[in-house]
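Report on the structure given below.
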Amino acid sequence: MNALLAQFVAESRDLIEAASKALLDLEQNAQDKEQIDQLFRAVHTIKGAAGLFEFTPLTKTVHAGEDLLDTIRAGDVPFTSDVADVLLEMLDRCVDWLDQVEAQEALNEDAAAIGDALSQRLRALIDAPGIGAIPELSDAAPEDTALPWPDDVPALPVSGAVTLVTYTPSVNAFFSGDDPLRTVQSTPGLVWSRIVSPKEWPTSDDLDPFLLHISFRLVSSASQDELDAHFAYVSDEVTYEAIVSAGDAPAEGAIDEGLRAMAEQLLVSQRSLLASDQASPAEDHCTASVAVVLQRVAQAVSIELSPELDADNPRATIDQWMAILGAALRKPEPKAVAAPPAVVEEEQADEPETIKQTASPARANSHLRVSSERIDALMNLAGELIVAKNAMPFLAQRAETMDETGELVREIKAQHNTINRISEELQSAIMQIRMVPMSTILSRFNRLVRDMSRKLGKEIQYVVEGEDTEADKAIVDELAEPIVHLIRNSIDHGLEDPVTREASDKPRVGTIQVKAYQLEESVVLEVLDDGKGIDVDGVIAKALERGLVDQDKVNNMTRTDALQLVFLPGLSTKNEVSDLSGRGVGMDAVASMVRRLGGSISIFSEKGRGTKITMKLPLSMAVQRLMMVEIGDGLYGVPIDRVVESQKIKSSSIRRHRNAEMVVLRDRLIPLVRMRNLFACPDVEDNDILSVMVVDVDGRESGLIVDKFHPGVDAIIKPMTGVLSSYQCYSGTALLGDGSILLALNLREIIECQYH
Amino acid sequence: MTAHHNTALIIDDATTVRMYHRSLVEQADWIALEAENGVEALEKALEFEVDLILVDVNMPVMDGYSFVKALRTSDTLGQIPVVMISTEAQLVDKDKAFAAGANHYLVKPASPADITHLLTLLTVGEVQ
């Protein structure tokens with residue numbers, strides 16, 4: 001796809017999103033002038049840009065939408081739900097069309113019919129009673145009179161109607177004395193030509209080099225008679241199509257005619273400008289600009305202007321210049337007028353696609369659109385740098401044994417500090433690039449809430465808090481799906497219909513709130529509703545019924561613990577599957593999506609009051625800081641954002657309760673996991689002081705008994721692949737600076753293991 | 001003879017449109033400057049030597065009409081030729097453009113040929 005088209009698609013998508021948001025806000029407050037303006041501007045901008053391409057149905061439809069919005073803006077048409085419905089449909093349709101453009105650089109064949117129908121419905125709303133006549137589509141669209149500009153022909157410096165010739169010489173052309181290439185090159189009025197290769201070449205074995213396999217496409221400004229004469233001998237191999245360069249005034253002839261016509265138009269415009277009422281000092285400056293225009297035009301078409309500009313009375317001079325130019329342009333002297341465009345044409349023919357490099361000081365734009373792959377590549381490099389940097393402390397250690405003065409060690413350490421600082425800054429700078437605000441996904445759900453609540457006859461307001469909270473684009477994108485499920489669940493199962501709500505003394509309109517905020521190195525997302533809440537006993541009963549837990553375990557559970565059972569696969573609290581939220585995707589899927597991102601999820605609910613689901617995710621997925629612990633003879637990594645604290649405890653302080661070991665740390669009761677047992681290492685019983693690393697998994701704290709704590713490292717955790725991926729107790733591997741491999745522990749799995 | 005490097009200031013809030021105009025401007029071997037609205041454009045015009053301005057009408061912050069009106073009050077920038085390029089194609093819109101002080105008016109999307117011709121015609125000639 002060419003860059004311009006790609007830019008158009010990307011920009012239009014952003015605009016559609018902005019328009020949808022404005023539209024939904026308007027539904028809340030139809031009088032919001034600012035939102036109407038914003039909506040209008042977004043649609044207007046899409047229309048303007050769409051006009052650059054031949055997507056007539058898109059342009060037409062958006063134009064109708066723009067006209068409708070214009071009348072709404074003027075207060076001639078009230079903004080109603082019906083209006084919103086059609087406008088939303090228009091935006092949806094545009095998204096479809098953009099998808100098509102992105103996939104195939106063209107619209108599907110049904111686009112014209114769909115576009116016409118939709119435009120009519122949009123215009124029907126404008127024509128509602130009480131509204132004056134709406135001006136027709138202003139300019140006569142050239143595509144009505146001739147074929148639109150074909151996709152495979154680039155924009156050419158021609159005006160008006162030209163002919164597109166498709167010339168498919170006979171495969172035996174070489175034997176009949178034809179010279180197709182010469183025929184093409186000598187076409188009268190040739191503006192552009194291209195060799196078209198066949199859709200499928202024969203294989204090299206089958207290819208007969210004496211046969212002609214190609215055809216030609218060319219654009220000519222010559223008349224049909226001239227073309228007929230030129231192609232007379234091959235007339236049955238040639239087809240003609242009249243095409244018109246978009247937005248052009250029909251021109252009678254060749255390219256230089258277009259330049260002459262433009263010069264004439266410019267003259268007319270200068271007269272209009274001079275005739276307009278201008279206040280002082282603008283009047284003098286307008287006159288001066290007209291003089292500038294006339295001088296430049298005269299030079300471009302090689303016409304001498306006399307006399308010199310009279311500074312005291314420029315208008316008099318200008319009138320004389322106008323007369324000279326007007327006369328010269330009416331009777332074009334072929335040489336004088338034709339010369340400059342010929343130069344232009346030649347340059348374009350030489351390098352039509354290149355955008356010339358100039359030493360412009362103002363090339364830079366304040367924003368860049370960069371593909372995420374490039375940033376990922378940069379991120380990977382920075383990640384490797386960070387890992388490579390980890391080698392320095394090992395070097396320092398080795399140097400210590402050889403270096404008696406300690407000078408080398410000091411220098412290595414100093415260098416390590418510098419490189420450490422730079423690589424950290426580099427990493428955070430790149431992470432900043434990847435950070436996007438949550439609003440990029442959260443604003444989309446307005447629409448979901450609106451459509452679903454309408455469908456279910458519920459009244460729901462969607463409130464977003466902290467949409468400016470930023471996180472890594474990968475995380476934000478991946479979060480969209482879990483949030484959709486949670487919102488659907490809330491609307492479908494959580495929030496009651498208005499009647500039930502009023503009966504239970506709740507506000508008629510239910511609320512779904514999505515809150516995002518940053519907490520240390522994590523981003524936290526909460527989805528809250530003020531619906532009927534979750535019936536904990538129902539959850540427990542179902543879990544027992546399905547055999548997901550046993551009675552013994554249930555007896556030990558707090559109510560909050562029991563609620564977390566909803567994340568178990570195979571548990572759905574609603575008996576019948578709803579067509580909205582229950583498409584086989586339940587809370588367990590949400591939980592697994594969140595965990596895959598390295599996050600945690602928990603639920604809190606109060607019967608009759610509502611439900612709150614909290615998801616905590618890492619800000620970035622790339623480099624993580626790992627705390628290293630020693631177990632047996634091995635080193636293992638624990639993500640530092642999971643570590644609550646590291647403690648030394650006396651083995652005598654361990655309490656036993658129903659086969660489980662616990663320790664009381666300050667006011668908390670922490671279940672313990674003996675990592676040596678888990679990894680089948682022999683116990684070291686004589687140890688009176690034990691090292692416990694307290695970790696937080698899904699909001700629950702557990703203590704891992706390890707042999708020894710080691711310092712933290714920055715590492716990139718790569719997921720386990722192949723056979724190793726079946727070892728669930730590891731989340732991945734990381735390369736250490738000395739070349740050894742660190743296994744990162746999958747804490748959730750380890751704690752599950754312990755409990756089962 | 002010193003070659004003058006022609007510079008055009010492209011003002012439009014749509015990135016796609018700016019990109020399109022820029023490609024044509026650069027094909028004609030002009031330098032392209034861009035601005036997203038009238039205010040940004042005035043700042044650019046003050047900062048750089050601009051030979052021609054291509055301006056959209058409907059823009060946030062400061063629209064095309066206000067921009068040209070403001071430009072024309074300036075002693076140093078007031079004489080720069082301005083071409084307005086807008087989706088509105090009615091006669092009234094054209095009149096409004098001239099009333100604001102524009103030198104020419106094109107209907108959007110302006111064809112490559114129209115813009116190329118305009119640039120050819122409005123090239124600052126060599127300084128003899």
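Source: prediction; values computed, not measured. Per chain, numbering begins at 1; letters A, B, ... match sequence-line order.
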Between the CD atom in A:Gln265 and the NE2 atom in B:His117, the distance rounded to the nearest 0.5 Å is 10.5 Å
Supply the atom-to-atom distance A:Arg296 CZ to B:Thr123 OG1, rounded to the nearest 0.5 angstrom. 8.0 Å
B:Thr7 portion near chain A, given a 4.5 angstrom heavy-atom threshold: neither
If you check every heavy atom in residues 54-63 of chain B against those of chain A, which residues fall under 4.5 Å? B:Asn58, B:Met59, B:Pro60
Measuring heavy-atom distances to chain A, does B:Asp95 have an atom under 4.5 Å in its side chain, in its backbone, in both, or in neither? neither
Heavy-atom contact with chain A under 4.5 Å, split by part of B:Asp12: neither
Ranked by heavy-atom pairs below 4.5 Å to chain B, first place among A:Asp284, A:Leu5, A:Thr45, A:Leu52 goes to A:Leu52
Choice from A:Gly48, A:Ala298, A:Ser12 maximising heavy atom contacts with chain B below 4.5 Å: A:Gly48
What distance do A:His285 atom NE2 and B:Asp75 atom CG have between them, rounded to the nearest 0.5 Å? 4.0 Å
Nearest heavy-atom neighbours spanning A:Leu273 and B:Phe98: CD1-O, 3.4 Å
Which atoms of B:Ala102 come close to chain A, meaning under 4.5 Å heavy atom to heavy atom: side chain ones, backbone ones, both, or neither? backbone
Counting only heavy atoms closer than 4.5 Å, note whether A:Ser276 contacts chain B via side chain, backbone, both or neither. side chain
Say you draw a straight line from CZ of B:Arg72 to CD of A:Glu283; how long is it, rounded to the nearest 0.5 Å? 12.5 Å
What distance do B:Lys69 atom NZ and A:Cys286 atom SG have between them, rounded to the nearest 0.5 Å? 11.0 Å
For each of A:Ala263, A:Ala50, A:Ala282, tally heavy-atom pairs with chain B at distances under 4.5 Å, and name the one with the top tally. A:Ala282
Please give me the minimum heavy-atom distance between A:Met262 and B:Leu118, naming the atom from each residue. SD-CG, 3.9 Å
Compare every heavy atom of A:Ser289 with every heavy atom of B:Gly78, then report the nearest pair and how far apart it is. O-CB, 4.2 Å
What distance do B:Asp114 atom CG and A:Leu259 atom CG have between them, rounded to the nearest 0.5 Å? 10.5 Å
Among the options A:Ala291, A:Ala49, A:Ser272, pick out the one with the most heavy-atom pairs lying under 4.5 Å from chain B. A:Ser272
Toward chain B, the part of A:Glu11 with a non-hydrogen atom under 4.5 Å: side chain
Going by residue number, which parts of residues 36-44 of chain A are within reach of chain B, meaning a heavy-atom gap below 4.5 Å? A:Phe40, A:Arg41, A:His44
How about B:Ile80 and A:Val292: do any of their side-chain heavy atoms sit closer than 4.5 Å? no
Using heavy-atom distances under 4.5 Å, tell me whether B:Leu106 contacts chain A through its side chain, its backbone, both, or neither. side chain
